[in-house]
Amino acid sequence: MNTNAWILMALAITGEIAGTSFLKLANGWERPWAWVGVGAGFGLAMLLLGQLLKKLDVSVVYAIWSGVAIALIAVVGAVVFGEAMSWRRAAGLVATIIGIVLLQLDTRTA
């Protein structure tokens with residue numbers, strides 16, 4: 001992936017993390033103002049993913065976007081929302097990151 005694609009990917013991941021964080025903050029319909037952040041975050045993520053899919057394989061884009069977002073939102077959950085981080089969760093995050101790296105390495109040789 002070129003530099004522009006990585007920037008779009010980073011912004012799409014940021015949108016996903018923001019949308020998911022606002023979803024947690026919304027707590028159902030307890031805080032309706034948070035739904036603005038949910039829509040903005042997920043909307044930004046989808047818009048940018050659409051741009052990335054014009055240039056790159058869907059399998060690579062989705063794997064990187066979802067894998068990195070999953071790993072980072074787990075960290076956000078632990079740090080910001082005080083959710084538990086067991087050794088099993090941490091190992092799963094490491095495995096996710098290894099899988100993303102392997103996917104990216106494979107696309108360079110394909």
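Below, all heavy atoms of this structure are taken into account, side chains as well, without hydrogens, waters or symmetry copies. Residue numbers count from 1 along this sequence.
- Using a 4.5 Å heavy-atom cutoff, the side chains of Y62 and L53 are not in contact.
- Judged by distance alone, with hydrogens and angles left aside, the side-chain atoms of D57 form no donor-acceptor pair with the main-chain N or O of S59 at under 3.5 Å.
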> Which is it for L25 and F81 under the side-chain contact (heavy atoms from CB on, under 4.5 Å) test, yes or no, and what are the steps along the way?
Replying inline: CA-CA 9 Å; L25 287 172; F81 298 113; 3.8 Å; yes
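- In this view, W29 and W35 satisfy the ring pair (Phe, Tyr, Trp, His ring centres under 6.0 Å) rule, not counting sequence neighbours.
- In plain terms, the two heavy atoms of A12 and A45 that are nearest each other are O-CB, 3.4 Å.
- For the pair V61 and M9, the minimum side-chain heavy-atom distance is below 4.5 Å.
- Tracing side-chain contacts under 4.5 Å through hydrophobic residues (I, L, V, M, F, W, Y), one reaches L72 starting from I7; they form part of the same cluster.
- Taking the charged nitrogens against the carboxylate oxygens, E83 and R89 have no contact shorter than 4.0 Å, which rules out a salt bridge.
- Here the side chains of L52 and L49 are in contact, with some heavy-atom distance below 4.5 Å.
- Closest approach of G19 and V38 over heavy atoms only: O-CG2, 3.8 Å.
- Looking at L8 and N4, their side chains never come closer than 4.5 Å, going by heavy atoms from C-beta outward.
- Under the 4.5 Å side-chain heavy-atom criterion for ILVMFWY residues, no single connected hydrophobic cluster contains both I70 and I13.
- Two different hydrophobic clusters hold L47 and V58 under the rule that ILVMFWY side chains link at heavy-atom gaps under 4.5 Å.
- Looking at I73 and S21, their side chains come closer than 4.5 Å, going by heavy atoms from C-beta outward.
- The side-chain heavy atoms of M85 and L93, taken from C-beta on, include a pair separated by under 4.5 Å.
- In this structure, V36 is not a member of the same hydrophobic cluster as M46, with clusters built from ILVMFWY side-chain heavy atoms closer than 4.5 Å.
- Transitive grouping of hydrophobic side chains (ILVMFWY, heavy atoms separated by less than 4.5 Å) keeps I97 and W87 in distinct clusters.
- Side chain of N27 to backbone of E30: no donor-acceptor contact under 3.5 angstrom is found.
- Across T96, I100, L102, a single residue satisfies side-chain contact (heavy atoms from CB on, under 4.5 Å) together with I98, and that is L102.
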